[in-house]
Amino acid sequence: MTNHPLDLAGIGIGPFNLSLAAHLDAAEGVEALFFERRAAFDWHPGMMLPDVTLQTSFLKDLVSATHPSSPWTFLSFLVAKKRFYDFLNADFGAIPRQEFAQYLAWAAQGLPTLRFGTGIDAVDFDGRCFVLRSGTREQRARNIALGVGLKPALPSFAARLREDDHFHSSQARFRLGACAGKRVAVIGGGQSGAEILLHLLNRSKEDAPSQIAWISQRPNFLPLDETPFTNELFTPPYVESFRDLPEPRRHAIVEREKLAGDGVSSETLAAIYRRLYVLRHLESSGPEIELLPHRDVVNAEPREGSYQLIMRNGMDGMMEIGHAEIVILATGYRYELPDCLAPLSSRIAVDRTGRPVPDADFAIAWDGPDTNRIFALNAGLISHGIAEPQLSLMAWRGAVIANALLGRRQFEVEIPSAMVNWRRPVHADPRLDTLRSNGAARLAPH
C-alpha cells in the first residue's frame with residue numbers, strides 16, 4: 001500500500017477487475033492498485049471439472065474487443081506459451097475452460113498493479129477520499145472498483161442440511177469424492193448442474209454414486225440459446241437500448257431472456273443423453289438415474305443418514321417425495337454488496353433486488369461527491385441486462401470504466417450501429433404521447 005491517494009483502488013481480483021487492470025496498464029497518468037485476499041489468482045476452481053468448456057468465444061477475453069494491440073490478449077498468451085499453432089490445429093468448437101483459466105492466471109501474474117494476499121476489511125469515506133483498511137494498514141483512493149464476484153445462492157432448506165453431506169456447485173471439484181456409493185440429488189438444471197451430472201455419470205463403477213436424481217425447476221432440461229440473433233443481446237448496442245427502459249420492464253426482460261445466458265450447452269446435453277443411453281442399454285451396471293424436471297424442492301427433512309426431499313411437480317401440481325444422502329446445490333449465485341462496504345452501505349442506492357444502481361459508466365449511485373466514484377462490476381444485471389454477469393462484454397465494460405476514470409477516450413467504446421433495430425428513436429410527435437398513454441399498439445393511418 002502507498003502513503004498517497006490512488007486514483008483507483010480495485011477490491012477483488014476476478015476476471016472483471018483483471019480486465020480493468022489490463023486496460024489501465026496501457027494508460028498513462030493514472031495510479032491504480034487492485035487488492036485480493038487470496039494468495040494467487042484462481043478462477044472458479046471448484047467447477048474446473050474434466051472436459052468442461054467455455055461457453056463464450058475466446059476472443060471475448062480481457063481486452064481484445066477494445067484494445068486488440070494489448071499484450072494481455074488471449075492470442076498473446078498462446079504465443080507466450082508457445083502453443084499458438086497447436087491451438088489452431090486442435091480446432092476447438094469451444095475451448096477448454098481450463099485453458100481460459102490459465103490465460104487469466106498468466107495475465108494476473110504479469111500485471112504489476114495487482115496485490116494478492118491483501119484483503120480489504122473495511123472501506124469508509126473521509127470527505128475527500130475513500131479509506132481502505134487492511135489489518136492495521138490504510139490506503140486512500142479517490143475512486144474504487146468493486147470486483148468481488150457473486151455469492152452462492154442457497155435455498156432456504158439448505159440450513160437444515162448437514163455440512164458433510166451437502167455442498168454448492170462452486171465446491172464440486174473438491175467434494176464429489178464423497179458421492180461414491182451414495183444416493184445423490186443434483187438440484188439445478190443449468191450448466192453447472194449438467195456438468196456435475198455428466199461427471200458423476202462418467203465415473204468408474206467403484207467411484208460412482210449408487211443413485212442419481214437430477215432435479216430442476218425448469219419444465220425440461222433446456223439448452224442454452226446461442227444462436228446469432230440471441231447473441232445480439234451480448235453487444236453494446238443492446239445494452240444501450242436496454243438501459244433506458246423503466247425498471248419493471250427491465251426485470252421482466254431479464255427473466256424472459258434467462259436461457260440466453262443460463263441454459264445448458266447443446267454439447268453437454270448430447271453427452272448426457274448418450275451416456276444415459278449407454279448405461280440403460282449397453283452396460284450391465286451403473287447408477288440408477290432419475291431425471292426430474294419441473295420439480296421445485298420446497299423442503300428437505302433430515303432422516304437417519306439421509307434426507308427426504310419434498311418436491312412440487314409443476315406439471316400436475318402434485319407433491320412428491322425423493323430421497324438422497326448427498327445433496328448438491330447447483331442453484332446459482334446472487335449479488336450482495338461486499339462486507340467491507342458496511343460503513344458506506346446506508347449511503348448507496350439499491351434497487352428492489354438489493355443491487356446497487358450503476359450508471360452508463362458503471363459508477364453506482366451514492367450520496368457522496370460526484371468526483372469520488374464507486375464502480376461496480378457484475379452488479380448491473382437489472383441496469384445493463386443479461387450480459388453483465390457474463391464474460392461477453394468484460395473488455396467493453398473495463399474500457400468504459402477506464403475511460404471514465406481517465407476523463408478521455410483512451411479506448412474504443414463507441415456504440416456501433418446495431419444489426420438489430422431494438423428500439424426506434426422517440427420522435428416529437430404528439431400522437432406518440434397519446435398512443436403511449438392509451439396503450440395503443442400502432443399509429444392510425446393518415
So does [Y] get a backbone contact from the side chain of [X], meaning a donor-acceptor N/O pair under 3.5 Å?
X	Y	answer
Asp61	Val63	yes
Asp126	Arg128	yes
Gln191	Ser265	yes
Arg275	Leu201	yes
Ser216	Pro293	no
Asn372	Arg142	yes
Glu412	Glu414	yes
Trp43	Arg97	no
Arg352	Glu247	no
Asp225	Thr227	yes

Distance-only polar pair, side chains of [X] and [Y], donor-acceptor under 3.5 Å:
X	Y	result
Ser70	Thr73	no
Asn403	Gln410	no
Gln139	Arg115	no

Check the pair Trp214 / Ile196 against side-chain contact (heavy atoms from CB on, under 4.5 Å), numbers first and verdict last. CA-CA 10 Å; Trp214 188 19; Ile196 289 168; over 6 Å; no

Would [X] and [Y] pass as an ion pair if we require N to O under 4.0 Å?
X	Y	answer
Arg250	Asp244	no
Asp351	Arg355	no
Asp121	Arg133	no

Partner of Trp72 under ring-ring contact (aromatic ring centres under 6.0 Å, His included), picked from Trp106, Phe77, Tyr103, is Trp106

To the nearest 0.5 Å, tell me how far [X] [atom1] sits from [Y] [atom2].
X	Y	atom1	atom2	answer
Arg373	Phe130	CZ	CZ	10.0 Å
Glu336	Lys151	CD	NZ	4.0 Å
Asp51	Asn202	CG	CG	8.0 Å
Glu36	Asn17	CD	CG	9.5 Å
Cys179	Ile212	SG	CD1	8.0 Å
Arg137	Thr118	CZ	OG1	5.0 Å

Please assess Glu195 against His199 for the test side chain to side chain donor-acceptor pair (under 3.5 Å), listing each intermediate value before the final yes or no. CA-CA 6 Å; Glu195 289 175 355; His199 177 79; over 6 Å; no

Shortest non-hydrogen contact between [X] and [Y], atoms and distance:
X	Y	value
Ser19	Met394	OG-O, 3.3 Å
Leu18	Ala108	CD1-CA, 3.9 Å
His384	Ala360	NE2-O, 3.9 Å
Leu391	Pro15	CD2-CB, 4.2 Å
Thr353	His251	CG2-CE1, 3.2 Å
Ala39	Phe116	O-CB, 3.3 Å

Flag the pair Phe87 / Phe74 as yes when their ring centroid distance falls below 6.0 Å, and as no otherwise.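 Yes, ring centres under 6.0 Å apart.
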
Tell me if the aromatic rings of Tyr333 and His168 count as close, with their centers under 6.0 Å from one another.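 Yes, ring centres under 6.0 Å apart.
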
Side-chain contact test, heavy atoms from C-beta onward, threshold under 4.5 Å: evaluate it for [X] versus [Y] and give yes or no.
X	Y	answer
Glu99	Arg83	yes
Ile144	Leu341	yes
Phe58	Ser64	no
Pro223	Val264	no
Asp25	Thr113	no
Arg218	Lys258	yes
Leu276	Leu291	yes
Leu24	Phe34	yes

Around atom [atom1] of [X], are there more than 12 heavy atoms from other residues, nucleotides or ligands closer than 6.0 Å?
X	atom1	value
Phe92	CZ	yes
Glu290	CD	no
Glu257	CD	yes
Arg312	CZ	no
Arg274	CZ	no

From CA spacing to verdict: side-chain contact (heavy atoms from CB on, under 4.5 Å), Leu8, Ile401: CA-CA 11 Å; Leu8 177 78; Ile401 295 173; 5.7 Å; no

For Val327 and Val297: C-alpha separation, side-chain torsions, deciding distance, then whether side-chain contact (heavy atoms from CB on, under 4.5 Å) applies. CA-CA 11 Å; Val327 178; Val297 180; over 6 Å; no

Measure up the Phe362 and Trp396 rings against each other and bin them: parallel (under 30°), tilted (30 to 60°), perpendicular (over 60°). perpendicular

Name of the residue among Leu233, Ile386, Val254 meeting side-chain contact (heavy atoms from CB on, under 4.5 Å) with Phe242: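 Passing option: Val254.
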
What verdict does the side-chain contact (heavy atoms from CB on, under 4.5 Å) test give for Leu20 and Leu405, after you've listed the backbone C-alpha separation in whole Å, the side-chain angles of each residue and the deciding distance to 0.1 Å? CA-CA 11 Å; Leu20 178 55; Leu405 184 70; 5.9 Å; no

